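Please read the structure below before turning to the comments.
For ligands, and for the atoms within them, numbers begin at 1 and follow the listed sequence. All residue numbers in this chain count up from 1 along the given sequence. This structure is a prediction, so every number in the text was calculated from the model and none was measured.
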Amino acid sequence: MKATKIKTLLQSKERNLNVTVQGWVKTFRANRFIALNDGSSLNNLQCVVDFEAFEESTLKRITTGAALQIEGLLIESQGGGQEVELQVNTLSIIGDSDPEKYPIQPKKHSLEFLREKAHLRVRTTTFAAIMRVRSALSFAVHKFFQEEGFFYVNTPIITGSDAEGAGEMFRVSTLDLKNTPLNEEGLPNFKEDFFGKETNLTVSGQLEAETYALGLGEVYTFGPTFRAENSNTTRHLAEFWMIEPEMAFYDLTDNMNLAEKFITSVLKDVLERCQEDLKFLDERLAKEDQSKPQAERSPMGLIEKIKFVIDNDFKRVSYTEAFEILRNSKPNKKKKFVFPVNEWGVDLQSEHERYLVEKHFNCPVILYDYPANIKAFYMRRNDDEKTVRAMDILFPGIGEIVGGSQREERLEVLEKRIEEMNIDKEELWWYLDLRRFGSVPHSGFGLGFERLVQFATGMNNIRDVIPFPRTPQNAAF
Ligand code: 4AD
Ligand code: MG
């Protein structure tokens, strides 16, 4: 039988309605009140049992975690705390749960404990709320681009190229590790491998997305991305989801404008669609903040922070301006930065990004025109010969959320750069072809989806905003 979603019932204005619901028991109090949740909403449906009408043996099986089907009458709630409740008529136990062994008890569990129980943590109020917001955000991403006339392209997950040139790739191979065929140099012979060449999991769909932008005009990807960087931080995953729009005939300013419009638009969408969940996460964050020392507390609540980003323009600052601000900053002068900022050209670390966003500007910042030497080969060179048309968007509490650039569309300049950086030009023949046949100025960026979910939910650790996080030494589930 098709059950009605609890969310629908909680919002229903109808009374004395006969309905069936299915869900999991959150709590069972006084042999009388079942708090039932089916995942559709933050709030539970209170189901009231007349215990005299049920066998003792049935009542005993109504334990936290058990799955039930209940048929009953939806009525005005007799008690406070909820508008409606369900007067239970018939109740069947679909799946028992051993209360002694079920790890998700009706009490506060630490996020660390729940990471070990990633297969069950979505049954907690917090994780269900996060994952509903995540789902709404993905939908908002597609909605935004589709309404803007972009086409969704699926770029390959297995590739032969290293788009970012950082060498942080997971190898894809079917060669026998115990009996690896070797070439004349004594190295693994990838000619005998599945694809007849070295392949790996993609670190970015950008290069392939560029080929499609130069035919379809405006495109975007939204898919899994893999990085074998050994970073055990609260912002890095080995497997994450990235959104990469790529647009023909866009310069860097057009690119920044799109990125800003995109981020504010999807945040507006979830603010509208996930009110209940965001209110809960806002309160959760406020409580967590209370237990921190004053100096570490967030000056704004979650919803306030989201609204602030929507309502205020992002501050656009060149690398050179940012460098001067950092060089003259108090923490730099007092040698408080782990990485001192003394010479133009240094890469900015997260401590610097956070200083700029959280201390100096107090709003999202778009940094642009970075030194060529700290950026990827494909970025368009400026006339000063030192900087490239790169842009990174930095967010409070997150750091870098977007990395993008205008792409080098001039064949000779790009070839020169590839050679300077010792990148295998042969591998990129198809990418260079784009500069041979109808090359146009074009731009794009990549937004780390989990970092956006972190911002929208206020979760401090990126491992808590993806169902099954992959990090160094951890690929359980
Ligand atoms: O700055 P990145 O490396 O840029 C690129 O990959 C470009 N090809 C994008 C483009 O222009 N199409 O990565 C883009 C974003 C980062 O700003 C960050 O938000 C996220 O991807 N990101 C990660 N998120 C989680 N875990 C990791 N290990 C991440 N590495 C990057
Ligand atoms: Mg980057």
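Classification of the Phe144-Phe262 ring pair by plane angle, with boundaries at 30° and 60°, yields tilted. The aromatic rings of Phe170 and Phe226 sit perpendicular, their planes meeting at an angle over 60°, well past the 30° parallel limit.
When each of Phe455, Phe222, Phe240 is paired with Phe449, the ring-ring contact (aromatic ring centres under 6.0 Å, His included) condition holds for Phe222 and for no other.
Protein neighbours of ligand 1 below 4.0 Å, counting non-hydrogen atoms: Glu164, Ser204, Gln206, Arg227, Glu229, Arg235, His236, Leu237, Phe240, Met242, Glu244, Tyr378, Glu400, Ile401, Val402, Gly403, Gly404, Arg407, Gly444, Phe445, Gly446, Gly448, Arg451, Ile462.
The cationic group of Lys315 does not satisfy the cation-pi geometry with Phe361, failing either the under 6.0 Å distance to the six-membered ring centre or the 45° limit from the ring axis. For the pair Arg435 and Tyr431, the distance from NZ or CZ to the six-membered ring centre is under 6.0 Å and the angle to the ring normal is within 45 degrees.
Residue side and main chain included, Glu400 places an N/O/S atom under 2.8 Å of the Mg ion (ligand 2).
In this structure, Asp464 pairs ionically with Arg121, as a charged nitrogen and a carboxylate oxygen lie closer than 4.0 Å.
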